[in-house]
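Here the structure comes first, spelled out in structure tokens, and everything after it is commentary.
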Amino acid sequence: MSRPEPFGARLRRAMDERGPLCVGIDPHAALLAEWGLNDDADGLERFSRTVVEAVADRVAVLKPQSAFFERFGSRGVAVLERTVREARQAGALVVMDAKRGDIGSTMAAYAESFLRPGAPLFSDALTVSPYLGYGSLKPAVELAREHGAGLFVLALTSNPEGAEVQRAVRADGRTVGAGVLAHLAAENAGEQPLGSFGAVVGATLGDLSSYDLDIGGPLLAPGIGAQGARAADLPAVFGAALRNVVPNVSRGVLRHGPGVAGLRDAALRYADEIRAAVASG
């Protein structure tokens with residue numbers, strides 16, 4: 001049986017062909033209201049299907065935030081299952097933004113939910129939290145590697161509260177965030193053209209030159225658009241690792257709904273801006 005093509009290789013190809021843009025699917029109540037939709041499972045489904053129709057055949061990555069689906073119970077999870085399936089069928093890679101983190105058999109069960117082919121929520125990659133110790137992610141790392149999936153591990157996040165943990169200094173003198181990046185570099189060692197184990201690093205964080213962001217894998221970068229970062233800021237933040245950055249835009253695209261054309265135009269405009277920023281870097 002042949003080994004599945006790794007997530008990193010598939011992501012590199014998608015970024016090269018479609019541009020390095022991830023569009024978040026974040027159907028929070030205020031946004032549903034802006035679209036004239038009810039804050040219920042029916043509104044959720046219409047919202048999600050519209051986003052998939054608009055951009056899944058032309059952006060590299062879609063990132064549904066699972067919490068906004070889970071709040072509607074089983075009907076919301078059913079919408080999430082369809083969203084993932086239809087987005088992947090249209091050619092987008094799907095990063096499930098669930099930020100799971102636990103130990104032992106519980107972490108293994110989370111990994112099975114999102115990273116095993118055939119699971120209803122099987123995605124190309126999953127966001128995870130390492131703050132029960134990086135080693136607690138081992139079941140997810142192993143399952144992702146087995147099935148050609150990927151992980152994005154929280155390392156240096158865009159929320160101000162994250163610094164309390166991520167920039168804390170360990171006994172060896174490194175910050176916790178730097179330690180996470182070092183673990184990921186080890187996971188990706190020797191992988192070409194791109195490793196499958198990425199980090200979440202906020203685009204709003206400014207100068208990160210004290211951190212080694214060259215982990216051999218992708219850097220998922222939230223913060224473009226509504227959180228204040230611009231595509232033009234990316235070279236200064238990410239430096240030599242710029243080519244491996246996958247900027248995420250959620251509200252900056254989604255506020256242009258509910259029309260398909262408005263969403264599509266906004267996504268393509270961001271993709272063009274990001275391409276130009278990468279080229280200038």
Side-chain angles (χ1 to χ4, degrees), residues 1-25 51-52 54-66 80-98 100 110-128 137 140-153 155 184-201 213-222 238 241-249 267-268 270-271 274-275 278:
M1 184 176 178
S2 62
R3 182 186 178 192
E5 185 179 20
F7 170 69
R10 293 185 286 121
L11 178 60
R12 176 81 275 158
R13 184 168 61 250
M15 292 167 67
D16 291 345
E17 293 176 355
R18 296 185 171 198
L21 174 65
C22 171
V23 174
I25 305 180
V51 176
V52 169
V55 302
D57 64 345
R58 59 199 66 209
V59 301
V61 182
L62 283 176
K63 182 176 70 66
Q65 168 47 259
S66 65
L80 181 57
E81 291 174 4
R82 288 191 290 273
T83 299
V84 171
R85 183 174 63 251
E86 291 171 5
R88 298 186 76 234
Q89 288 172 347
L93 299 176
V94 172
V95 174
M96 180 63 69
D97 193 1
R100 297 299 197 249
Y110 282 139
E112 294 273 350
S113 299
F114 300 105
L115 300 175
R116 181 174 290 283
L121 288 169
F122 174 70
S123 303
D124 297 283
L126 172 69
T127 60
V128 292
L137 301 179
V141 170
E142 291 179 343
L143 200 64
R145 204 182 295 279
E146 178 183 355
H147 295 295
L151 298 176
F152 284 99
V153 183
L184 291 169
E187 301 287 4
N188 293 320
E191 294 293 331
Q192 293 293 334
L194 185 67
S196 297
F197 299 96
V200 179
V201 178
L213 300 178
D214 186 11
I215 61 170
L219 302 171
L220 182 63
F238 292 98
L242 180 62
R243 185 169 180 267
N244 295 334
V245 174
V246 189
N248 176 77
V249 181
L268 293 178
Y270 273 108
I274 292 165
R275 278 195 193 95
V278 171

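Starting from 1, each residue takes its place in the sequence as its number. Small disclaimer: the values here were computed from a predicted structure and weren't measured.
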task = Please step through side-chain contact (heavy atoms from CB on, under 4.5 Å) for the pair Leu194 and Asn244, ending with a clear verdict.
result = CA-CA 8 Å; Leu194 185 67; Asn244 295 334; 3.5 Å; yes
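- A 4.5 Å side-chain heavy-atom check between Pro218 and Val246 finds at least one atom pair inside the cut-off.
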inquiry  = Evaluate Phe114 against Arg100 for side-chain contact (heavy atoms from CB on, under 4.5 Å), listing each step before the verdict.
reply    = CA-CA 10 Å; Phe114 300 105; Arg100 297 299 197 249; 3.9 Å; yes
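- Residues Leu151 and Leu115 meet the side-chain proximity criterion, which asks for heavy atoms closer than 4.5 Å.
- No side-chain heavy atom of Gln65 sits less than 4.5 Å from a side-chain heavy atom of Met96.
- The CD atom of Glu142 lies 11.0 Å from the NE2 atom of His147; values are rounded to the nearest 0.5 Å.
- When all heavy atoms of Leu184 and Ala199 are compared, the closest pair comes out as CD1-CB, 3.6 Å.
- Looking at heavy atoms from C-beta onward, Val200 lies in side-chain contact with Pro222 at the 4.5 angstrom threshold.
- In this structure, the side chains of Val95 and Thr127 come closer than 4.5 Å at one or more pairs of heavy atoms.
- Minimum heavy-atom separation, Ala111 to Ala140: CB-CA, 3.7 Å.
- Under a 3.5 Å cut-off, the side chain of Asn188 and the backbone N or O of Phe197 do form a donor-acceptor pair.
- Between the CG atom of Leu137 and the CG atom of Leu143 there is a distance of 13.0 Å, given to the nearest 0.5 Å.
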message = Go through it in stages, so that I can follow the logic: the residues are Arg58 and Glu17, the test is salt bridge (charged side-chain N to carboxylate O under 4.0 Å, His left out), and I'd like the CA-CA distance, side-chain angles, deciding distance and then a yes or no.
response = CA-CA 9 Å; Arg58 59 199 66 209; Glu17 293 176 355; over 6 Å; no
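- From Leu242, atom CG reaches atom CG of Asp214 across 12.0 Å, with rounding to the nearest 0.5 Å.
- Across Phe122 and Pro117, no two heavy atoms sit closer than the pair CD1-N, 3.5 Å.
- One finds the CG atom of Leu21 at 4.5 Å from the CD1 atom of Ile274 (value rounded to the nearest 0.5 Å).
- Judged as a side chain to side chain donor-acceptor pair (under 3.5 Å), and not counting sequence neighbours, the contacts of Asn248 are Ser250.
- Within the 4.5 Å cutoff, the side chain of Tyr110 has no heavy atoms near those of the Leu126 side chain.
- When all heavy atoms of Ala267 and Val23 are compared, the pair lying nearest together is CB-CG2, 4.4 Å.
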key: Glu146 and Arg3: CA distance, side-chain angles, deciding distance, salt bridge (charged side-chain N to carboxylate O under 4.0 Å, His left out) verdict   = CA-CA 8 Å; Glu146 178 183 355; Arg3 182 186 178 192; over 6 Å; no
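- Atom CG of Leu80 sits about 10.5 Å away from atom CZ of Arg85, to the nearest 0.5 Å.
- Once rounded to the nearest 0.5 Å, the distance linking CG of Leu11 with CG of Leu220 reads 9.5 Å.
- Taking each heavy atom of Leu121 and Ser113 in turn, the nearest pair found is CB-O, 3.6 Å.
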task = Could you please spell out the steps behind the side-chain contact (heavy atoms from CB on, under 4.5 Å) verdict for Val201 and Phe238?
result = CA-CA 9 Å; Val201 178; Phe238 292 98; 3.7 Å; yes
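- Contact check for Ser123 versus Val94: side-chain heavy atoms found under the 4.5 Å cut-off.
- When side chains are defined from C-beta on, Arg243 counts as touching Arg12, because their heavy atoms get closer than 4.5 Å.
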inquiry  = Would Ile25 and Lys63 count as a side-chain contact (heavy atoms from CB on, under 4.5 Å) here? Give the steps.
reply    = CA-CA 6 Å; Ile25 305 180; Lys63 182 176 70 66; over 6 Å; no
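- Counting all heavy atoms, side chain and backbone alike, Ala149 lies closest to Ser196 at O-CB, 3.7 Å.
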query = What's the verdict on salt bridge (charged side-chain N to carboxylate O under 4.0 Å, His left out) for Arg116 and Glu112, showing C-alpha distance, side-chain angles and the deciding distance?
reply = CA-CA 5 Å; Arg116 181 174 290 283; Glu112 294 273 350; 2.5 Å; yes
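- Although no hydrogens or angles enter the test, the distance criterion places a donor-acceptor pair under 3.5 Å between the side chain of Arg18 and the main chain of Val59.
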